[in-house]
A.B. asks: 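To start, I am sharing the structure in question, which I have written as structure tokens.
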Amino acid sequence: MPAEVKITPGRLPPFWDRNVLFFCNMRSIFYDNQEEVNDLISQIYGAHSYGSRVISILNMLFRRGPNKIFLEAPPEPNLLDYLSGDLRLSLPSFAVLDHRGYQDLVTGIKDSEVEVPVEDLKAHAAMWVDGFVTDRLLVEVATGLNKRTISTYEGSKNGNNKYLLYRHQLERGLPVFETLLAATPREVPAALDRLRQLGYSKAVVKAQIGASGYGMIKLNTENPRLDNMPNYLFFEGPCMVQGWLDEETPGVRRIGSPSIQMFLDDDTVSLFDWTEQILSEASVHEGNMSPPPYIREHPELEEELFRQGAIAGEWLHAQGYRGTASTDFVVIEQDGRNQVIICEINARVTGATYPAVLARHFTPDGCWKMRNIQFRKSLDGDQLLSLIDHAQVLYRPGKDEGIIPFNFNIDNQGKVIKGQFLCLGKDHEQCSVVLAKAWTELPVEWGYDRD
């Protein structure tokens, strides 16, 4: 039976009535493509402490409890105090388990001489296992612990495959980008030349599986630089070489890059929020805001975004994926007509999941904005929280506006080098004012960073 689709922007769905062992397997998000993973880890500042973002929402996603989360680095203790104390959020128990420990856990399940807490995990009340993605290791962990994964391996991997989604868009008659396939780097120049003949000055070479700007290279079609094209782009098979639509394309005006936040359970696809992605000049994700600010000017876009979001969600559900996900779009005006095109699905907890769940938990009817802030010099966690509080913008339940810091990325000394900050307000202008107030108190330089 096809899943039922429910569209409730701003209202959280009933998440899982389950408990879980959640593994922050960041190094698995490209499955077996280790070269691509290494590139991501080397480029994202504080990547080892990104898993702590899940702490703030895990007990909302898995309502039954008790839940336990395995992090690659210890969470910042002052932030935990704020989340559980000031915000009164229920938090899961946690343990530190880096990627080597994650791999050793699989070995320990098979080999009793390897010292890992297998029996303790088997005895844990949680009946389910989950992670950023369901890779082969996670399936082996769940099987060895006599528990079940939330998603199937195939559902998780296929749900993140951009080429499979593209084929589905074609089958359903949805708008798509002009797309050519390249099986090897040697076939890319011919595809670029063809796109140039079609009028595109830029193109993107897109791997079948990627995230956060990785697995995607933007090139000029006239004189492309192909010497730095990594082989990992072709790990899953042919790349897509797609025409890039922006203001340099004749007749095109780029309106926005919205995203639909979804939750898929066994029977239902819930579309529970819609956001605008905040992208860098290189189209790399640096934050989100909700609702998309241009909807007032283009109210007709709402129906089309949720129509295509529903079709994408039904496809994702049919793959066997279960959990939170997002469908990313681009909205353009071409020759005077607005067009909505699906870019990709991210079948996992995404950078927009955390702020969307927190914002709609505390202020269902308000606006929100999330930014990744990197500090030029590290700060103590308690000092950073005190500075935001001194600016009178640290959020507490019952207020209509404020900032929720929901994760601190820490260095080897346990100090904060970057963080994810959620701003709440009645409109986007108020969210920006709240953010500006906080940063007037900072004693160090700061800047926006990729997610």
Side-chain angles (χ1 to χ4, degrees), residues 2-11 13 155 158-179 204 206 208 210-211 216 240 242-246 252-265 268-279 283 285 288-348 350-353 356:
E4 178 186 3
V5 176
K6 295 182 179 179
I7 300 175
T8 58
R11 295 293 185 272
N158 289 346
N160 282 296
N161 189 296
K162 297 170 177 55
Y163 177 58
L164 295 180
L165 175 64
Y166 164 75
R167 286 170 49 186
H168 176 68
Q169 289 170 262
L170 287 177
E171 292 169 3
R172 291 297 302 268
L174 296 176
V176 295
F177 298 103
E178 188 73 51
T179 301
V204 61
K206 189 182 292 185
Q208 293 189 30
M216 183 182 81
M240 293 182 290
Q242 296 182 323
W244 185 264
L245 296 170
D246 60 15
V252 168
R253 180 173 73 95
R254 193 181 182 102
I255 295 176
S257 300
S259 178
I260 299 289
Q261 303 308 309
M262 304 186 291
F263 173 68
L264 295 78
D265 63 20
T268 309
V269 175
S270 298
L271 312 184
F272 66 87
D273 208 358
W274 54 331
T275 77
E276 171 65 14
Q277 298 182 81
I278 302 172
L279 303 176
S283 297
H285 181 255
N288 291 82
M289 63 176 75
S290 177
Y294 42 81
I295 291 300
R296 286 187 178 181
E297 184 181 350
H298 303 284
E300 75 283 355
L301 292 176
E302 179 176 358
E303 181 180 353
E304 181 62 11
L305 282 168
F306 281 104
R307 183 187 78 85
Q308 291 195 32
I311 293 172
E314 289 173 328
W315 173 82
L316 182 59
H317 194 276
Q319 305 310 302
Y321 178 78
R322 303 291 182 267
T324 60
S326 69
T327 303
D328 296 344
F329 302 81
V330 65
V331 179
I332 61 168
E333 179 189 283
Q334 188 166 21
D335 299 325
R337 184 173 67 90
N338 289 341
Q339 193 169 18
V340 175
I341 307 174
I342 295 174
C343 297
E344 64 184 15
I345 287 179
N346 291 303
R348 54 187 169 84
T350 75
T353 304

A.B. asks: What's the shortest heavy-atom distance between Ile260 and Leu305, and which atoms?
C.D. replies: CG1-O, 4.2 Å
A.B. asks: Measuring from atom CG of Leu165 to atom CD of Gln208, what distance do you get when rounded to the nearest 0.5 angstrom?
C.D. replies: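 One finds 11.5 Å between CG of Leu165 and CD of Gln208.
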A.B. asks: Are any non-hydrogen side-chain atoms of Gln242 and Lys162 less than 4.5 angstrom apart?
C.D. replies: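 Result no, sub-4.5 Å side-chain heavy-atom pair not found.
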A.B. asks: To the closest 0.5 Å, what do you measure between CZ (Arg254) and CG (Asp246)?
C.D. replies: 7.0 Å
A.B. asks: I need the Ser270 OG to Leu264 CG distance, nearest 0.5 Å.
C.D. replies: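 It comes to 8.0 Å.
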A.B. asks: Taking the side chain from Asn161 and the backbone from Tyr163, do they hold a donor-acceptor pair closer than 3.5 Å?
C.D. replies: yes
A.B. asks: Report the C-alpha separation of Arg322 and His317 in whole Å, then their side-chain angles, then the decisive distance to 0.1 Å, and conclude whether the side-chain contact (heavy atoms from CB on, under 4.5 Å) test is met.
C.D. replies: CA-CA 7 Å; Arg322 303 291 182 267; His317 194 276; 3.2 Å; yes
A.B. asks: Assess whether side-chain contact (heavy atoms from CB on, under 4.5 Å) is satisfied between Glu314 and Arg172, documenting all intermediate values.
C.D. replies: CA-CA 12 Å; Glu314 289 173 328; Arg172 291 297 302 268; 4.3 Å; yes
A.B. asks: side-chain contact (heavy atoms from CB on, under 4.5 Å), that's the test. Do Arg307 and Leu174 meet it? Break it down for me.
C.D. replies: CA-CA 10 Å; Arg307 183 187 78 85; Leu174 296 176; 3.8 Å; yes
A.B. asks: With heavy-atom distances below 4.5 Å as the criterion, would you say the side chains of Met289 and Gln277 are in contact?
C.D. replies: no
A.B. asks: Just verifying a value: how many Å separate Asn338 CG and Ile255 CD1, rounded to the nearest 0.5 Å?
C.D. replies: 4.0 Å
A.B. asks: Give the minimum heavy-atom separation between Phe177 and Ile342, together with the two atoms involved.
C.D. replies: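 Shortest heavy-atom contact: CE1-O, 3.9 Å.
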A.B. asks: Set out, in order, the CA-CA distance, both residues' side-chain angles and the distance that settles side-chain contact (heavy atoms from CB on, under 4.5 Å) for Ser257 and Glu276, then state yes or no.
C.D. replies: CA-CA 6 Å; Ser257 300; Glu276 171 65 14; 4.0 Å; yes
A.B. asks: Roughly how far, to the nearest 0.5 Å, is CG of Asp335 from CZ of Arg253?
C.D. replies: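 Spacing of CZ (Arg253) from CG (Asp335) equals 13.0 Å.
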A.B. asks: How about Tyr294 and Leu301: do any of their side-chain heavy atoms sit closer than 4.5 Å?
C.D. replies: yes
A.B. asks: What closest approach, in Å, do Val269 and Gly313 show between heavy atoms, and which atom pair accounts for it?
C.D. replies: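 Here Val269 and Gly313 meet closest at CG2-O, 3.6 Å.
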A.B. asks: If we ignore hydrogens and angles and just use 3.5 Å, is the side chain of Gln308 paired with the main-chain N or O of Val340 as donor and acceptor?
C.D. replies: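 Here the side-chain-to-backbone pair exists.
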A.B. asks: Taking all non-hydrogen atoms of both residues, which atom of Ala310 and which atom of Val5 are closest, and how far apart?
C.D. replies: CB-CG1, 3.7 Å
A.B. asks: Should Tyr321 and Ile345 count as side-chain neighbours, where that means a heavy-atom distance under 4.5 Å?
C.D. replies: no
A.B. asks: Are Arg167 and Trp315 in a cation-pi setup, meaning NZ or CZ lies under 6.0 angstrom from the ring centre and within 45 degrees of the ring axis?
C.D. replies: no
A.B. asks: Quick one: does Gln261's side chain get under 4.5 Å of Thr353's, heavy atoms only?
C.D. replies: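 Yes, their side chains come closer than 4.5 Å.
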A.B. asks: Does a side-chain heavy-atom distance below 4.5 Å link Ile311 with His168?
C.D. replies: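 Yes; the side chains approach each other to less than 4.5 Å.
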A.B. asks: Are the side chains of Asp328 and Thr350 in contact, using a 4.5 Å heavy-atom criterion?
C.D. replies: no
A.B. asks: Could you measure the distance from the CE atom of Met240 to the CD atom of Glu344? Nearest 0.5 Å is fine.
C.D. replies: 9.0 Å
A.B. asks: If you count every heavy atom of other residues, nucleotides or ligands that lies below 6.0 Å from Glu303 atom CD, does the total exceed 12?
C.D. replies: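 Count not over threshold, so no.
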A.B. asks: Check Ala312 against Thr327 and note the closest heavy-atom contact, atom names and distance.
C.D. replies: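 Minimum heavy-atom contact is CB-OG1, 3.8 Å.
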A.B. asks: Can you name the closest pair of heavy atoms from Asp273 and Ala356 and give their distance?
C.D. replies: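 Heavy atoms of Asp273 and Ala356 come nearest at OD2-CB, 3.7 Å.
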A.B. asks: Tell me, do Leu245 and Val330 make a side-chain contact under 4.5 Å, heavy atoms counted?
C.D. replies: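 Not in contact.
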A.B. asks: What residue among Phe272, Trp274, Phe329 forms ring pair (Phe, Tyr, Trp, His ring centres under 6.0 Å) with Phe306?
C.D. replies: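 Filter result, single survivor: Trp274.
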A.B. asks: Counting N and O atoms only, with roles assigned by atom type, does the side chain of Asn160 sit under 3.5 Å from a partner on the main chain of Ala347, one being a donor and the other an acceptor?
C.D. replies: yes
